[in-house]
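So the structure is just underneath, and the comments pick up after that.
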Amino acid sequence: MLKGKTAVVTGASRGIGRAIAAKLASEGANIVINYVNRREEADQLTQDIENLGVKVLAVQADVSIFNQAQNLITRAKEEFGSLDILVNNAGITRDGLLMRMSEEDYDRVMDVNLKGVFNCTRQAVPLMVKQKSGRIINITSVVGLVGNAGQTNYAASKAGIIGFTKSLAKEIGSRNITVNAIAPGFIETDMTSDLPEKVKELSKESIALKRFGKPENVADAVYFLASGMGEYITGQVISVDGGMAF
Ligand code: NAD
């Protein structure tokens, strides 16, 4: 149970972030949901989470902008008095072969996926150090472990998250703060819905379980790390990929 804990989930308005916010709330945590522009979806999620009997605050912030990420974390602390769990989930893709990739598409993916993790974590860590406890969970990807043609920018950002996670785990482990990453494989969300059917069928062949995962599968792993069950786990990358990269 996470009763009385405060969790911030970035990019929570839909997909995996939404499932994470709902799971942590169902386990009793008060939730700060971050959204960037889908206000209606954030309002709906706020309502759904309130119905679970916990407190919820929705904060608009583009995590790639330092001051906005700073405001997100500050608001969480002001509203609920502590910050126990940070889930860096916000992420985007701008796929394309390297020879055709624009500088803008490279930069945007790095700014949201990797710098966004820095921006939020930079603000959260001093609060967690003061509290002498905290859980940081970064959502990377199977692509950050094994690479994928057409995703050099995305893979670089996700591999960067893994280096960031391991380094920070070493830096702040003595402060009773764990830092881990979760590497999802193919999960059914907006991010994967656009893939052509043929690609989807082929992809399933490379998955031991022969099917895509659900956002809830990732949310369960986040809960595991955020709860007491995860207290002696840090610096790890946990794959939730149905058996893709092993
Ligand atoms: P999604 O596109 O459904 O959701 C992404 C979320 O991030 C959205 O809520 C979006 O508003 C938010 N976001 C985007 N830019 C933002 C910004 N600048 N600031 C704040 N929020 C921003 O995708 P998803 O599948 O739910 O992905 C969630 C995370 O899981 C991402 O980090 C993604 O890279 C990762 N992931 C997804 C899959 C998959 O198969 N779906 C696989 C591996 C990793």
Side-chain angles (χ1 to χ4, degrees), residues 8-23 32-46 58-73 86-95 105 107-121 123 137-148 151 153-162 164-165 181-195 199-200 203-204 206-207 209 211-219 221-222 237-242 244-245:
V8 173
V9 183
T10 68
S13 61
R14 63 174 193 263
I16 293 171
R18 189 183 208 288
I20 294 169
K23 175 68 184 172
V32 179
I33 55 174
N34 156 246
Y35 68 100
V36 64
N37 46 31
R38 297 206 186 186
R39 177 68 197 261
E40 278 173 23
E41 287 179 2
D43 286 347
Q44 182 59 54
L45 179 61
T46 302
V59 180
Q60 185 190 13
D62 177 339
V63 296
S64 72
I65 300 171
F66 190 76
N67 290 344
Q68 292 189 21
Q70 194 170 31
N71 181 52
L72 166 68
I73 303 297
L86 170 63
V87 185
N88 285 306
N89 163 78
I92 59 165
T93 51
R94 293 277 189 279
D95 297 350
D105 281 350
D107 285 347
R108 188 62 192 149
V109 168
M110 294 301 280
D111 284 351
V112 175
N113 297 7
L114 186 54
K115 178 119 189 292
V117 172
F118 166 77
N119 287 344
C120 295
T121 308
Q123 194 62 23
I137 300 156
N138 299 322
I139 307 299
T140 175
S141 167
V142 63
V143 169
L145 291 167
V146 299
N148 192 25
Q151 291 198 306
N153 51 357
Y154 184 75
S157 71
K158 293 300 186 179
I161 287 176
I162 293 172
F164 180 98
T165 299
I182 291 176
F186 279 97
I187 306 294
E188 284 166 357
T189 68
D190 287 358
M191 195 174 262
T192 47
S193 63
D194 287 348
L195 291 173
V199 174
K200 285 189 189 172
S203 307
K204 283 180 191 163
S206 64
I207 304 171
L209 293 178
R211 57 183 164 82
F212 290 172
K214 297 184 175 61
E216 290 73 20
N217 299 137
V218 179
V222 170
V237 182
I238 297 185
S239 291
V240 180
D241 65 3
M244 271 184 90

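As the structure lists them, so they are numbered: ligands from 1, and atoms in each ligand from 1. Just so you know, these numbers use all the heavy atoms, side chains as well, and skip hydrogens, waters and symmetry mates.
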Ligand 1 versus [X]: contacting region, heavy-atom distance under 4.0 Å:
X	value
I92	side chain
T189	side chain
K158	side chain
A183	neither
I187	both

Notebook entry, point to check: So does R108 pair up with D62, basic N to acidic O under 4.0 Å?
Noted result: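 The answer is yes: the pair qualifies as a salt bridge.
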Checklist line | Rounded distance [0.5 Å steps], CD in Q70 versus CD1 in I65 | finding: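 Reported to 0.5 Å precision, the distance equals 12.5 Å.
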Note to self: Does K200 have more than 12 heavy atoms from other residues, nucleotides or ligands lying within 6.0 Å of its NZ?
What the structure shows: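 Enclosed.
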Hey, which atoms in ligand 1 end up nearer than 4.0 Å to a heavy atom of [X]?
X	value
N34	20 (C), 21 (N)
R108	18 (N)
A61	19 (N), 20 (C)

Quick test: of every protein heavy atom, which one is nearest to [atom], and how far off is it to 0.1 Å?
atom	answer
atom 37 (C) of ligand 1	I16 CD1, 3.7 Å
atom 43 (C) of ligand 1	P184 O, 3.3 Å
atom 3 (O) of ligand 1	R14 NE, 3.1 Å
atom 12 (C) of ligand 1	G11 CA, 3.6 Å
atom 5 (C) of ligand 1	G91 O, 3.6 Å
atom 23 (O) of ligand 1	M191 CB, 3.7 Å
atom 18 (N) of ligand 1	D62 OD1, 2.8 Å

Checklist line | I182 and I139: CA distance, side-chain angles, deciding distance, side-chain contact (heavy atoms from CB on, under 4.5 Å) verdict | finding: CA-CA 5 Å; I182 291 176; I139 307 299; 4.2 Å; yes
[X] side chain to [Y] backbone, donor-acceptor under 3.5 Å:
X	Y	answer
N138	A181	no
T192	I187	yes
T10	A90	yes
D111	S64	no
N89	G11	yes

Is there at least one pair of N or O atoms, one from [X] and one from ligand 1, spaced under 3.5 Å apart?
X	answer
Y35	no
G185	yes
S141	no
V63	yes
S64	no

Could you check if a side-chain atom of [X] sits within less than 4.5 angstrom of a side-chain atom of [Y], using non-hydrogen atoms only?
X	Y	result
D190	R14	yes
T121	F164	yes
R39	D43	yes
L145	S239	yes
L86	I73	yes

Any idea which of [options] brings a heavy atom closest to [atom]?
atom	options	value
atom 44 (C) of ligand 1	I139, T192, T140	T140
atom 21 (N) of ligand 1	G15, A90, G17	A90
atom 28 (C) of ligand 1	I20, N89, T10	N89

Examine ligand 1 and decide if any of its atoms is less than 4.0 Å from a heavy atom belonging to [X].
X	result
F186	yes
Y154	yes
R38	no
N37	no

Next item on the list: If the plane angle is over 60° it's perpendicular, under 30° parallel, otherwise tilted; pick one for F186 and F212.
Entry: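 Taking F212 first and then F186, their aromatic rings lie parallel (interplane angle under 30°).
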Next item on the list: From the options T140, N148, V109, select the one residue that forms a side-chain contact (heavy atoms from CB on, under 4.5 Å) with K158.
Entry: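 It is T140, the one option of T140, N148, V109 that forms the side-chain contact (heavy atoms from CB on, under 4.5 Å) with K158.
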